[in-house]
Amino acid sequence: MRIIIDTDPAMGTLGGDPEDSFAIMLALNSPEVTVEGITVVQGNVPAEKGYSNAHHLLSLLGRQDVPLRRGCLRPMNAQRTTQITFLEQRYATEQITPMLEPKGADADAVSFLIDTVLSSPGEITLVTIGPLTNVATAIQQAPEFASALKNIVMMGGTAECAGNIAPAAEFNYWQDPDAADIVFRSGADLTMVGLDVCHQTHLYPSQVEECARHGTPLGQFVQASSAPWFQIMGGASGSGSLHLYDSLAMAVAMDTSLVTLEDSYVEMEVGAGPAQGMSVSYHKPFQRMIFNRPDINAKVALEVEVDRFTQLFRDRVLGLMSGE
Ligand code: RIB
Ligand code: CA
């Protein structure tokens with residue numbers, strides 16, 4: 001399968017969420033997947049940092065052949081001041097990968113998305129593991145973009161459970177609710193891999209430490225980059241573990257049988273109130289009937305075969321980090 005990964009990778013920024021980079025490793029170490037490109041978006045960290053982090057990861061993996069592009073630097077709506085403040089505060093965080101400035105077309109992820117998808121209609125799966133700003137901008141700029149995609153598999157939202165960044169909202173959609181709204185209205189074939197299933201996955205610090213003990217540059221980079229986030233989030237969750245949100249979405253893009261999917265109509269709360277960024281999922285037919293939402297615009301994941309995912313992650317990501 002041919003995929004583009006749209007991502008906000010923070011592995012390389014201390015105190016940032018390292019998790020996108022595990023998903024990138026999973027894709028690049030999966031023989032059934034061809035990664036046509038990686039497009040970076042604002043999110044966990046500013047896209048300037050995310051681009052530099054992705055570049056460093058590709059060098060460590062010896063995969064500089066994979067096209068890498070930097071995209072949107074801010075959410076679509078300049079009035080989203082809470083989100084913009086969250087993002088801009090992250091310019092001050094310590095960077096352990098060298099900062100790189102993209103040259104020429106490398107700074108235009110949106111054109112890369114449009115050109116790649118339109119030149120292979122019906123063939124490209126877009127796996128989005130960050131906010132949807134690049135994707136929504138591509139949809140706005142090229143009306144035929146959404147229908148030319150094979151499908152979009154998104155890490156984002158919640159179907160039935162509470163949020164993570166806010167009581168009602170998951171981070172990727174919250175960070176750019178207007179973009180998520182455009183994507184849900186786009187007519188593209190959408191699969192939403194939300195917190196309902198992602199929260200059942202776990203990565204423990206001991207697993208990363210064990211990989212680093214093998215002494216590979218990749219394993220040591222991952223451990224150094226991830227340690228602060230394990231302290232912040234592992235401590236907060238009480239289990240010490242991180243959730244493998246983005247890796248699960250990547251795995252579902254490769255094998256949908258890992259999750260149970262339900263047809264749904266999903267709409268975004270784009271108001272400015274406390275529920276902004278909430279994904280409201282009408283996957284129960286009686287709710288679509290009562291609230292007059294007869295259409296289906298997405299499939300939402302409600303259950304996951306977590307042991308099968310964990311084994312895949314062990315073989316293809318932890319194995320790669322250990323140099324096996
Ligand atoms: O809410 C989970 C999402 O935000 C994931 O994409 C992860 O990278 C986090 O920062
Ligand atoms: Ca992410």
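Counting convention: from 1, in listed order, for ligands and their atoms alike. Please read all numbers here as calculations on a predicted model, not as lab measurements. Residue numbers count from 1 along this sequence.
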Q: Using the ring-ring contact (aromatic ring centres under 6.0 Å, His included) rule, collect all pairs that involve residues 62-119, keeping only residues at least two apart or in two chains.
A: F86-F171
Q) Can you tell me if an N/O/S atom from G43 lies under 3.0 Å from the Ca ion (ligand 2)? A) no
Q) Between E123 and K150, does at least one N-O distance fall below 4.0 Å, as a salt bridge requires? A) no
Name each N or O atom in ligand 1 that is under 3.5 Å from a protein N or O, and give the partner atom and the distance.
| unit_1 | atom_1 | unit_2 | atom_2 | d |
| --- | --- | --- | --- | --- |
| ligand 1 | 1 (O) | N164 | ND2 | 2.8 |
| ligand 1 | 1 (O) | E170 | OE2 | 2.4 |
| ligand 1 | 6 (O) | I129 | O | 3.0 |
| ligand 1 | 6 (O) | N172 | ND2 | 3.0 |
| ligand 1 | 6 (O) | D246 | OD1 | 2.5 |
| ligand 1 | 6 (O) | D246 | OD2 | 3.2 |
| ligand 1 | 8 (O) | D17 | OD2 | 3.4 |
| ligand 1 | 8 (O) | D20 | OD1 | 3.0 |
| ligand 1 | 8 (O) | N44 | ND2 | 3.4 |
| ligand 1 | 8 (O) | D246 | OD2 | 2.8 |
| ligand 1 | 10 (O) | D17 | OD2 | 3.0 |
| ligand 1 | 10 (O) | N44 | OD1 | 2.4 |
| ligand 1 | 10 (O) | N44 | ND2 | 3.4 |

Q.
Looking at G156, is its backbone amide N or carbonyl O close enough to the side chain of N172 to form a donor-acceptor pair, meaning the two atoms are under 3.5 Å apart?
A. no
**Q.** Q42, E48, K49 screened by side chain to side chain contact (heavy atoms under 4.5 Å, CB included) with V45, the one that passes
**A.** K49
**Q.** Apex the Ca ion (ligand 2) - arms OD2 from D20 and OD1 from D8 - angle rounded to 10°
**A.** 60°
Q. How is the N/O/S atom of D246 that comes nearest to the Ca ion (ligand 2) named?
A. OD2
**Q.** Residues R70, E101: salt bridge by 4.0 Å N-O rule
**A.** yes
Q) Is Q276 reaching over with its side chain to a backbone N or O of A272, donor-acceptor style, under 3.5 angstrom? A) yes
Q.
Does this structure show an ion pair linking D189 with K299, if we count only N-O contacts that are shorter than 4.0 Å?
A. yes
